Amino acid sequence: MNRQGDGALLKNKPDNTAFTQQRLPAWQPFMSAGYVLPTFLLLGLAFIGIGLGLFFTSNSVIELELDYTGDQPNSSCYPCTNTTIEGCKCTVQFKVDTLLVGPVFMYYELSNFYQNQRKYGVSRDDDQLNGDLVYLKEPAEDCFPFRRDSKGKPIAPCGAIANSMFNDSFVVYKMNNNGTRTKIPLNAKGISWWTDYNVKFNNPPTDNGTDLRQAFEGTVKPINWPRPAYELDTEPGNNGFINEDFIVWMRTAALPTFRKLYRRMERGLEPGNYTVEISYNYPVVSFNGKKRVTFSTISWMGGRNPFLGIAYLVCGCVCIVTTVVMFIIYVKYQGAQAPIEK
């Protein structure tokens, strides 16, 4: 070999160190039955213990679910399924048997509604929702066909998600023994994610004394909305793109049956009879959907969801069964030796 080849080999040769020459001390576990079987047994017991704790904690959460779709003739909301009736209201009664300690969370639930559909999920303009004046008047192409109205005016907020915003409203009353009723206070603050409310969603700037109506001047409301974005709420600080009901709706769900937080009842619900007065505005019967309102308490792990506890229990049982099977095999074959070839 010539000198040039020898030089190339020396140049690419790793340093003579313990790391590059793989001479570092190493430890390799010896998988004997004395180590493996107790490890699987302890893991199984630990998983079962955690699973039982999670499962019983989840079951301690109390939920009251009321269906008000109105697709059955005996339902009080059945007349409201006629879309020609405007301003239709219906009532649903329920009973609370035990004290629901506050805060109690109030959700609305939709079924057979696919917010995860690809074109629906991208039909929005995040720059517009962040208050950018350029995109307020020139919405993104992703919003088509809810980008401009028939006269060519920009829609704010644009897109299919905003256009299909849930707009049923609820008022909860406690029925008193003397025939009167008491309105339950509902807290609408803090129902959206902090990052959404403080980072992702902002109203157009209102400098020089201009109000929110002037900031939205030159735009039109979404087609299915009864009023523009700057009139979503009677409270001035909860209008436009920072309206919390709107922000909650814009965080799309991954499954066709989903819940979204509507209000919080800080004082909880005492035992007794209650009535929910519903302003029925959102049609779902046309696509075989369902509408429900749910009242739920919470625990240290959140709302009611037994999946995590069941998953731990299953893993723990699998570990215990594996331990038993391996122990039987170990006892049966521990004295057996492979035949020695002559």
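Everything numeric in this text was worked out from a predicted model, so none of it was measured.
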> Any donor and acceptor pair, going by atom type alone, linking the side chain of S123 with main-chain N or O of A160 inside 3.5 Å?
yes

> Over all heavy atoms of both residues, which pair between P205 and A215 is shortest? Give the atoms and the distance, please.
O-CB, 4.1 Å

> Do F295 and F94 have their ring centres less than 6.0 Å from each other?
yes

> Just grab all the disulfide (SG to SG under 2.5 Å) pairs involving residues 115-167, residues at least two apart or on different chains.
C143-C158

> Aromatic contact between F113 and W249, with the criterion being ring centroids under 6.0 Å apart: yes or no?
yes

> Identify the two heavy atoms, one from F246 and one from F241, that lie closest to each other, and give their separation to 0.1 Å.
CD2-O, 3.7 Å

> Are the charged groups of R124 and D142 less than 4.0 angstrom apart, N to O?
no

> Mind checking what makes salt bridge (Lys or Arg N to Asp or Glu O under 4.0 Å) contact with R259, not counting sequence neighbours?
E63, E65, E109

> Taking only residues two or more places apart in sequence or in another chain, which ones pass disulfide bond (SG atoms under 2.5 Å apart) with C90?
C77

> Tell me which one of I242, N243, N130 satisfies side-chain contact (heavy atoms from CB on, under 4.5 Å) with N203.
I242

> Quick one: closest heavy-atom pair of N239 and L232, and the distance?
OD1-N, 2.9 Å

> Of the non-hydrogen atoms in T297 and V101, which two are nearest, and what is the gap between them?
CG2-O, 4.1 Å

> Donor-acceptor pairs under 3.5 angstrom involving side-chain atoms of residues 179-186: please list them, not counting sequence neighbours.
{"from": "T180", "atom 1": "OG1", "to": "N176", "atom 2": "ND2", "distance (Å)": "3.0"}
{"from": "T180", "atom 1": "OG1", "to": "N178", "atom 2": "OD1", "distance (Å)": "2.6"}
{"from": "T182", "atom 1": "OG1", "to": "N176", "atom 2": "ND2", "distance (Å)": "3.0"}

> Which label fits Y108 and F166: parallel for a plane angle under 30°, tilted from 30 to 60°, or perpendicular past 60°?
parallel

> Mind checking salt bridge (Lys or Arg N to Asp or Glu O under 4.0 Å) for D149 and listing every partner two or more places apart, or none if nothing turns up?
none

> Which side-chain N or O atoms in residues 319-327 pair as donor and acceptor under 3.5 Å with protein atoms at least two apart or in another chain?
{"from": "T322", "atom 1": "OG1", "to": "V318", "atom 2": "O", "distance (Å)": "2.7"}
{"from": "T323", "atom 1": "OG1", "to": "L41", "atom 2": "N", "distance (Å)": "3.4"}
{"from": "T323", "atom 1": "OG1", "to": "C319", "atom 2": "O", "distance (Å)": "2.8"}

> Is S279 reaching over with its side chain to a backbone N or O of D168, donor-acceptor style, under 3.5 angstrom?
no

